[in-house]
Amino acid sequence: MTAPATSAIVLDFETTGLSPNQGDRAIEIGAVKLENGQVVDRFQSLMNPGFRVSSFIEGYTGITNNMLSHAPSCDEVMSEFVDFIGDANLVAHNASFDKRFLDAELDLIGKGYGGEFACSLLVSRRLNQEANSHKLGDLVAYHNIANDGVFHRALADAEVTASLWLLLVNSLTENHAIAQPSFELMQKLAKQPKASVGKFLTKHK
DNA sequence: TGCCAGGCCCTCTTTAGGGCCTT
């Protein structure tokens with residue numbers, strides 16, 4: 001019995017840069033817990049990486065060094081976050097990015113998690129091949145997803161990613177007659193060659 | 001001073017290069 005795709009934790013990190021291997025750290029985590037397609041819980045916290053972030057990151061995220069100076073440490077926040085996610089499956093937009101930071105931050109505190117990742121970006125590229133762009137902000141506009149106008153903040157991005165994810169999952173039911181798509185099906189869909197997506201979806205009706 | 005991410009995906013491909021995404 002595999003988990004339904006509509007039950008997962010959708011998360012988003014704001015970070016000091018693109019690569020934990022180059023010393024970049026998380027500065028904010030935002031997440032929403034979905035159960036059967038409903039948001040049942042949320043998690044959000046800034047975290048102090050222990051060094052100053054660049055002016056680019058301050059401008060990009062709106063998260064300032066002053067804000068971070070009052071925030072709890074990454075260790076403290078990630079320790080609470082690992083309890084929040086438990087063994088739930090995880091979703092993120094361009095999940096390989098968020099997975100790298102989650103893994104790196106949890107390595108530093110000697111903790112882990114039991115769930116698996118799925119990627120809304122890869123699924124979107126397959127289900128909406130006609131879309132010009134699969135950037136999160138562009139997909140929000142493309143699908144008319146409700147939002148509060150805030151982007152590049154962790155909880156706001158996690159909220160719209162969750163809406164996008166549910167829209168993608170539901171489109172399998174509405175447009176492809178796949179009742180209750182499983183999380184595993186979404187993971188497999190994300191790996192399909194674009195040209196065989198139609199065949200794949202027909203096979204899984 | 002010079003270095004500078006990683007994975008996916010397409011194509012004028014596979015002995016490679018470059019755009020898209022994430023901050």
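In what follows, chains are A, B, ... by sequence order, proteins preceding strands, each numbered from 1.
With contacts defined as side-chain heavy-atom distances shorter than 4.5 Å, the pair A:Leu201/A:Gln192 does not qualify. For the pair A:Phe13 and A:Met47, the minimum side-chain heavy-atom distance is below 4.5 Å.
Both A:Ile57 and A:Arg125 lie close to DNA chain B; mapped to their nearest nucleotides by heavy-atom distance, the more 5′-ward contact belongs to A:Arg125. A residue-by-residue look at A:Asp98 and A:Asn21 shows that A:Asn21 has its nearest nucleotide of DNA chain B further toward the 5' end.
Under a 3.5 Å cut-off, the side chain of A:Trp165 and the backbone N or O of A:Ala5 do form a donor-acceptor pair. Listed for the A:Asp24 side chain is a donor-acceptor partner under 3.5 Å among the backbone atoms of A:Leu18.
Proximity of A:Ser96 to the phosphate of B:dT22: no side-chain N or O atom is located under 4.0 Å from OP1 or OP2. Checking the phosphate oxygens (OP1, OP2) of B:dC21, no side-chain nitrogen or oxygen of A:His93 falls inside 4.0 Å.
In this entry the distance linking CG of A:Asp24 with P of B:dT22 reads 17 Å, nearest Å. We find that CG of A:Asp157 is positioned 13 Å from C1' of B:dC21, with the value rounded to whole Å. What separates CZ of A:Phe101 from C1' of B:dA5 is a distance of 9 Å, to the nearest Å.
Heavy atoms of A:Ile27 sit nowhere under 4.0 angstrom from any nucleic acid atom.
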